[in-house]
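Indexing begins at 1, ligand by ligand and atom by atom, following the structure's order.
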Amino acid sequence: MASSESSNVRVAVRCRPMSSREKAQGCQAIISVEDNQISITDPTETGGSKREPKAFSYDFAYDWTSSQEGVHLDLGAPIVEKALQGYNATIFAYGQTGSGKTHTMMGGGTPDGIIPRLNTQLFSEVQGLTTDTTKCLVTVSYLEIYNEVVHDLLNPKKDVSLKIREHPDLGIYVDGLCELVVKSEADVLTLIEQGGAVRKVASTNMNERSSRSHSCFTIKVEKKTTEELSDGVTRETSLNSKLNLVDLAGSERSKKTGATGNTLKEGSSINKSLLALGNVITALSEGRLSHIPYRDSTLTRLLQESLGGNAQTLMLAAISPADYNYDETLGTLRYAHRAKSIQNSVKCNEDVNEKVIRELKEEIEKLRQQLLQGGGGGGGGGDNEEAAVLQARMDEMLSAQKSSWEEKEKLSKQLEEERHNNVNAAIGQVVSEVKAKKMETMKGIKRLQVQKENLSKKQKQAKADYDKTKSELQADMAQYQKAQTDFDALPPGDPKRDEAEGAMGALLDSIEAKRAILLAAKESAERTRKDARKLDARLTEERAELVASNGLLDQNERLRAAIVAEEREKFQSEKEALVEAAVEEEKRRILEQKEEMEKSADEIREGFLQKEALLEGKIKKLELEGRESDARTEAHMNDKEELENKLAEAEVALDYAQAEVAELRGKIAAKDVEIAEAKSARVGGGEGTDAEGEEARKDEEYKIFKGLLGAFDEERRRFRARLREQELLMQDAVRDMLYLKESNDELRLKLKQAADWDVDIL
Ligand SMILES: Nc1ncnc2c1ncn2[C@@H]1O[C@H](COP(=O)(O)OP(=O)(O)OP(=O)(O)O)[C@@H](O)[C@H]1O
């Protein structure tokens with residue numbers, strides 16, 4: 001857990017060179033700078049002697065010889081280092097209008113001010129830091145507070161004012177302010193230029209490009225470092241920092257600035273917020289811990305964290321060296337001196353999510369170690385589950401974190417078009433306002449020129465009258481001198497003396513009258529000269545105004561053209577990229593198709609040849625098989641025929657055998673009868689011997705017949721068996737024949753198909 005440390009607001013005072021206007025007015029320098037001390041002398045004299053100078057010491061003090069680079073190295077450079085270590089920082093420039101705040105913060109081109117230099121340094125360091133394991137995301141935002149209302153300078157929407165809010169984790173933030181992801185120093189410079197063009201500027205007598213609003217340019221840096229721990233655990237450290245670079249509108253006195261109308265209203269709003277800032281500074285410098293009046297103005301609300309909160313803060317006080325600005329400069333020096341005692345409480349910022357992720361990972365690592373050591377308090381399974389839950393939570397958070405980076409980049413890209421349109425419209429608005437003002441200035445110049453011409457005519461006429469009166473006076477004086485000489489020549493008591501005296505008196509009266517006329521003419525000429533000088537001064541101012549308006553118009557038109565060109569270029573390059581990608585894709589596809597076609601053509605050719613060879617072989621084989629099958633069918637047919645013959649023969653033989661058996665049976669039956677007769681004759685008494693002989697012979701015959709019958713029976717059985725055998729053979733032969741016939745038909749079909757190349761018979 002990062003602990004906070006207290007850090008005082010540091011204060012730098014910079015005195016600019018005497019301006020040409022101040023020089024022209026004959027202003028005297030009342031500032032001297034030595035080491036870190038600034039002395040100011042009161043130019044009003046009391047009793048003939050000047051007052052003692054008042055001295056103030058600061059953290060840094062610069063006189064008019066200081067360089068932009070030197071100021072940046074002291075004030076801007078350390079802040080970049082701190083930002084990359086995760087510390088917030090704020091620089092706010094305070095001072096009378098025209099004292100050099102914008103010059104120090106932004107610069108007038110080359111050399112540049114703190115913000116562009118800080119930007120260069122930041123990107124060079126970010127580039128040096130970026131590795132496979134360390135990545136940085138830089139975003140910028142730019143706002144202004146104009147008449148107490150917050151406007152987005154990077155996405156200026158008409159009549160939209162943004163609200164300042166407070167969040168327990170995010171702190172003070174501006175709701176809806178666009179944050180753009182920037183990849184390079186050039187990106188930032190473009191945005192600064194665009195925002196600067198939108199910023200409200202109006203001419204006052206004190207400063208031709210006086211800033212009428214407070215502006216805050218914020219750079220956020222997120223640095224993520226991934227570290228592989230043992231056992232495949234990854235630790236991710238994320239450092240976040242916010243750099244607020246605030247250019248306050250100048251404090252002013254309406255009498256001095258000559259502000260009227262809107263400009264006067266702006267001035268009072270500027271002064272009100274600066275007064276509120278002063279009150280906050282006073283409260284904090286007195287060590288108050290509560291009831292700090294941050295809510296008294298939008299400015300103090302925005303700077304809340306920078307004054308007494310978590311930020312290293314630097315106040316840059318800008319002053320003029322001229323005696324004419326004594327009161328304002330003394331006020332700024334006192335204000336700045338008070339700010340020195342404000343204490344902030346700064347800490348290194350770790351992203352809340354990231355911190356949890358890191359803690360989760362460490363917890364998982366701890367659990368793993370416990371499990372490895374067979375520990376886990378007997379609840380090993382429980383720890384495993386817990387580890388899995390933690391791992392899931394961690395993955396979820398990691399992906400949320402990743403998507404938030406991606407989301408930022410995506411959002412920033414999506415905003416571009418809308419933003420460009422709004423910036424263009426806002427610059428267009430500024431351009432038309434400046435054009436209207438330019439017209440007024442030109443009319444004013446015309447009026448002044450007419451006045452000047454009238455004045456010079458009047459001067460010429462007055463001169464002619466003067467010269468005439470003067471020569472009349474001279475003539476009167478010469479006449480008087482002559483009258484005096486004539487009078488002196490008259491002897492005392494001469495009656496002509498009275499007449500001459502009267503003439504001389506009349507001449508004296510005329511001389512006196514002419515003298516008075518000449519004196520009045522001289523005074524009037526002096527007044528006219530003064531008027532002419534004033535007219536000249538106003539003409540110079542108006543002409544300078546015209547030059548400034550032209551410059552502003554040129555700059556804004558250039559900027560608008562740049563935005564349009566950038567859009568066109570972006571569109572063009574997007575289009576080109578698309579066309580290029582499409583062409584590449586088409587080429588790749590055609591190449592793939594060609595290769596595929598070549599491959600398949602080869603394959604087809606190869607397959608065709610293989611098939612051809614195989615088919616030929618198959619046809620030959622089939623033809624052979626067909627022929628063999630035919631031969632086998634033929635043989636079977638022969639066999640069948642032979643068998644049929646044999647069957648017929650066997651049947652005939654059987655019939656014959658049956659007939660013989662029947663005949664023998666008849667003979668046997670007849671013999672039986674004869675034997676029975678013979679037996680009965682022998683039993684009836686006849687001669688025994690003859691009868692016995694007969695019986696024996698018949699017995700003998702009977703036996704023969706019986707034997708013959710047996711032999712016939714045997715033969716009949718054999719015939720039957722053969723018949724049966726032949727029948728079975730016949731059946732087999734018929735089956736074989738049918739099969740052969742079928743396979744013959746099949747072979748013929750296949751042969752036909754093979755010959756027609758129709759079917760892949762492989
Ligand atoms: N250190 C410096 N060296 C040279 N010129 C300077 C310096 N500081 C300021 N100037 C010039 O003085 C003029 C007024 O400066 P600048 O616009 O910075 O004043 P400001 O304090 O920002 O005014 P405002 O509050 O009205 O915006 C500009 O022309 C600027 O170039």
Problem set entry | Close-contact set for ligand 1 against S99 heavy atoms, below 4.0 Å | 19 (O), 20 (P), 21 (O)

For this session: Classify the ring geometry between Y94 and Y335 as parallel (under 30°), tilted (30 to 60°) or perpendicular (over 60°).
Result: parallel

Exercise. Should you measure from each heavy atom of R16, which atoms of ligand 1 turn up under 4.0 Å away?
Worked result: 7 (C), 8 (N), 9 (C), 12 (O)

For this session: Say whether Q96 and ligand 1 are in contact under the criterion: heavy-atom distance to a ligand atom below 4.0 Å.
Result: yes

Problem set entry | Per-atom contacts of ligand 1 with R14, taking only distances under 4.0 Å to non-hydrogen atoms | 1 (N)

Exercise. Should the pair R165-D175 be classified as a salt bridge under the 4.0 Å nitrogen-to-oxygen rule?
Worked result: yes

Exercise. When you check the gap from the basic side-chain N to the acidic O, do K54 and D42 get nearer than 4.0 Å?
Worked result: no

Seminar exercise, completed: So for A93 against ligand 1, with non-hydrogen atoms under 4.0 Å, the contacting part is neither

Problem set entry | Carboxylate-amine/guanidinium proximity below 4.0 Å for E22 and R16 | yes

Exercise. What do you reckon, does G95 put a non-hydrogen atom under 4.0 Å from ligand 1?
Worked result: no

Exercise. When you check the gap from the basic side-chain N to the acidic O, do R419 and E416 get nearer than 4.0 Å?
Worked result: yes

Exercise. Is the number of heavy atoms from other residues, nucleotides or ligands under 6.0 Å of Q127 CD greater than 12?
Worked result: no

Problem set entry | Nearest candidate to atom 9 (C) of ligand 1, where distance is taken over non-hydrogen atoms, out of G100, G98, A318 | G100

Exercise. Quick check: does T102 get an N/O under 3.5 Å from an N/O on ligand 1?
Worked result: yes

